[in-house]
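Notes follow the structure.
Chain identifiers are assigned alphabetically (A, B, ...) following the order of the sequence lines, protein sequences preceding nucleic acid strands; residue numbering begins at 1 within each chain. Model, not experiment: these values are computed from the prediction.
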Amino acid sequence: MERVNFQVIEKKWQKKFALSNLYNKKGKKFYCLEMFPYPSGKIHMGHVRNYTIGDVIARFKYMKGFNVLHPMGWDAFGLPAENAARQNNLKPKDWTEENINTMRKQLKMLGLSIDWDLEVSTCNPDYYKHQQELFIDFYNLGLVSRKETYVNWDPIEKTVLANEQVINGKGWRSNAVVERKKLSQWFFNITKFSEELLQDLENLSGWPDKVKLMQKNWIGKSYGCEINFKIDNLDKNIKVFTTRPDTIFGASFLAVSIDHEISKNFVNNNDFKKFQEECSKIGTTEEALANAEKIGYNTNLFAKHPFIKGKKIPIFLANFVLMDYGSGAIFGCPAHDQRDFEFATKYGLPIIRVVSEKKDDQKSDLLEAYTGTGIMINSEFLNDLNIAQAKQKIIQEIEKRKIGISKTLFRLKDWGISRQRYWGCPIPMIYLEDGSVVPVEKSELPIKLPDDVDLNSSGNPLENHTNWKKTVQKKTGNPAIRETDTLDTFVDSSWYFIRFCSPNYKDAPYKLNDVNYWMSVDQYIGGVEHAILHLLYSRFFMKAIKLSNKKVNCSEPFKNLFTQGMVCHETYKDSNGNWLYPEEVDKQSSGKVLKKSDKSEVKIGPSESMSKSKKNTVDPETMINQYGADAVRWFILSDSPPEKDVQWSDTGVISASKFLQKFWNLSQLIVNRKEKKTLKKELEDFEIKINSTKFKIDKAINNFQLNVAIAQFYEVYKYLNDAIDFQIDNKKLKENFKDIIKLMIPFTPHIAHECLANLKCIDANKWPNINKKILENLAINMVVQVNGKTRDVLNINRDMNEKEIDKIIKTKSKAQKHIVDKKVVKTIYIKNKIINYIVK
RNA sequence: GCCCUCGUGGUGAAAUUGGUAGACACAAAGGACUUAAAAUCCUUGCCCUUUUGGGAGUGCCAGUUCGAGUCUGGCCGAGGGCACCA
């Protein structure tokens, strides 16, 4: 049999895929989007998986008659471009563009049904001009502010990181230990949407619960109240936020953050300085802070207990109270909060129980804080209430006495967007001589990045540039200085899906009609690592854009979200402990693995997600050249469910390639098949099998069970191979075979189209009809059980009644010997499924 | 510490959502074809029985049910998210 030349047919069909008229441009809209890539150099297997999954969905929808939007772009700003440019003495722009060209070429090799006319790149002034417009819109809406705050400073990247970019106290990209630094920064006031961002999660039924939960926890809504404590002998109050106002009678101290304004009273105090030093010694990483011992500084001030006349409780400055949550002060109730318990134990403060699990259990000493349910004790008017009732009552009382107010707090913080880097979108703000800061005129946009920057000196290249920042205010002609910070690259990716709706529109970031037609994204696909950052920011952008233009009728950007798993590969180390690439090792049939260069033994490590640092990567382009794009696509979908990690295996892709070859062989056999006469019964059975396969595949794709769909193709292949010899005429056989191949187009578009062309198929891009009537008449397998144990399976007509079945079982079935001579106590009969005899 | 998810052959996984456990694939062993190899195809896969058969079996222990991989409770293990958030 002739071997199919993958290279030739893939090139041939990719030319046709490039003509957008191949795709349906009518019908109901369907916006299919995969997270766009950062152009780091070459595509990796993670991209292959992501975009192949997306392509299956997009092609599936095209074929089902939808008008599909399936674009691609580049998340092209970012620090690696600067680093690479510095190392290779290039311009970030040139480096980025070169990578884009490479990766575009590679993506095209995969045969994706992308509409390349819509391509956008975030580093292109045509794109970031509109981002600057949006920034100004947001500014005018009061959604942008400038704040002096402690920031997460990455000492390697010399830039500020958002909280979300700090992972275990380290920079998400550099892995450097993050420092605390006070800087003036630009913020998007994402917290203005806290409630909405939380509420609207409820409507996102097409999102994984896991992702919604992560966002919910991140937003972190908590109910409680604020209480004012009067400081004794001082005309001052300390505001305290608590979610447990019910435990107020157990309060034995106040603890206040070191950054709280009250600590200003002690700046000249040597003990305080010592304490401050001690705190800073602990380090600034969240991990270190979380595990650090709780220490305090006794201010010798006292607060009046708001409900116990004459009672005074000491005020401490404490390292475990955070300034940027609540009001930076708490009341300590050691009996019912573990942190307070540790603190009180250390400083010998009273531990007063106010919640008791049982009424009589109040004498034993606590070994740790009790945080469970119970009823109130030692709490005057709250006694005998449960916690919920007590909370309600005390808040009423607090409000009545005007010493506080019920309050809801969010953990979510505003989004710091300033970056002291060159390769990002310039922030369109200017500083005037009178000290005010104003946006530039929209007509001046884009504020372009300069080409001639020095990336080799430290600090912010735009700040260091000789004249870039010098400008004049257009309206007045007065001299002004440009903002030299650039935007966090997460801003770039927070609205690209909107730009895709009208990517070439020059007048505004989006064309209203196009956005209202295409948005929201019907299917968004990407890695779960973006569950919080990117998705939350994008949701914020959509809401902010809607706020700036009431005619936009979309408030959530992504209707359905699918998060795919990672691509993994085993790791290899030589005897010196150096990582080795898979192509540097040889696998022996004995199971041993040897280093190719010197035949030394190689240690195999566990399979981990592919990363350059561990060298467990496989180059997609090499694989495509070797086995064909279809085989690579097929394998990466076949082995695991898309939401789980998949193990890359060379033998797997080889077998995928072999299967496609066999499938092609089969199509040749069918093309050249000799005519046969049809036997009615054989044709019926055949059509039942083909239709049930079609049904299962269609359903599997709908459910994102692409691995299950592929298993169906393997199964039906075997069947079709036998079916060649069935008594079925060529027309019927080919018709059914064509339908099966059409189902393969989303998975392996090149070879499927090639086979269909050989079969002279004229409507290849139309999803075949499934004859449900045939399926309804399908014979079923009736399971026959005795005492719950399966004794036989009967292939019988659908909807047969119990009596008939009982007759068959008692005369012909293998189960009869388990029933005869025994008393049938009960029979459970589930139509078309099972019959279970209970015998004694 | 808190929250969430998941435990099925040597491996990746299926299982119509409470109804034949292990589809499909990888790897392995045996066989066919071949002078041989490659390629291709077939068979096997826990225990007992020569076979027909029978039994055990979805991390562990209990429970609900005619029937549990699927539901409930407890335990053990793995992964993920958050982490001094008051």
TODO: For residues A:His305 and A:Ile248, report the shortest heavy-atom separation together with the two atoms involved.
DONE: NE2-O, 2.8 Å

- [ ] Report the residue (A:Tyr717 or A:Ile834) whose heavy-atom-nearest nucleotide on RNA chain B is the more 5′ of the two.
- [x] A:Ile834

Task: Toward the 5' end of RNA chain B, by each residue's nearest nucleotide, A:Tyr714 or A:Leu409 - done: A:Tyr714

So [X], base contact, sugar-phosphate only, or nothing? Heavy-atom distance under 4.0 Å.
X        : answer
A:Ile828 : base
A:Ser638 : nothing
A:Asn781 : base
A:Ser222 : sugar-phosphate
A:Val240 : nothing
A:Ile838 : sugar-phosphate
A:Lys210 : nothing

Task: Selection: residues 693-708 of chain A, any non-hydrogen atom under 4.0 Å of RNA chain B - done: A:Gln705, A:Asn707, A:Val708

Task: Spacing of A:Gln712 atom CD relative to B:U16 atom C1', expressed in whole Å - done: 12 Å

TODO: Under a 3.5 Å limit for both distances, which nucleotide forms a Watson-Crick or G-U wobble pair with B:C2, could you say?
DONE: B:G81

Task: Syn-anti status, with the boundary at 90° from 0, for the nucleotide B:U17 - done: syn

TODO: Decide, for B:G9, between syn and anti: a glycosidic angle within 90° of 0 counts as syn, anything else as anti.
DONE: syn

TODO: Taking only the side-chain nitrogens and oxygens of A:Ser649, find out if one of them lies under 4.0 Å from OP1 or OP2 of B:G12.
DONE: no

Task: Phosphate contact (B:G54 OP1 or OP2) by A:Arg791 side-chain N/O below 4.0 Å - done: yes

- [ ] Return yes if the base of B:C84 and the side-chain atoms of A:Lys294 contain a donor-acceptor N/O pair under 3.5 Å, otherwise no.
- [x] yes

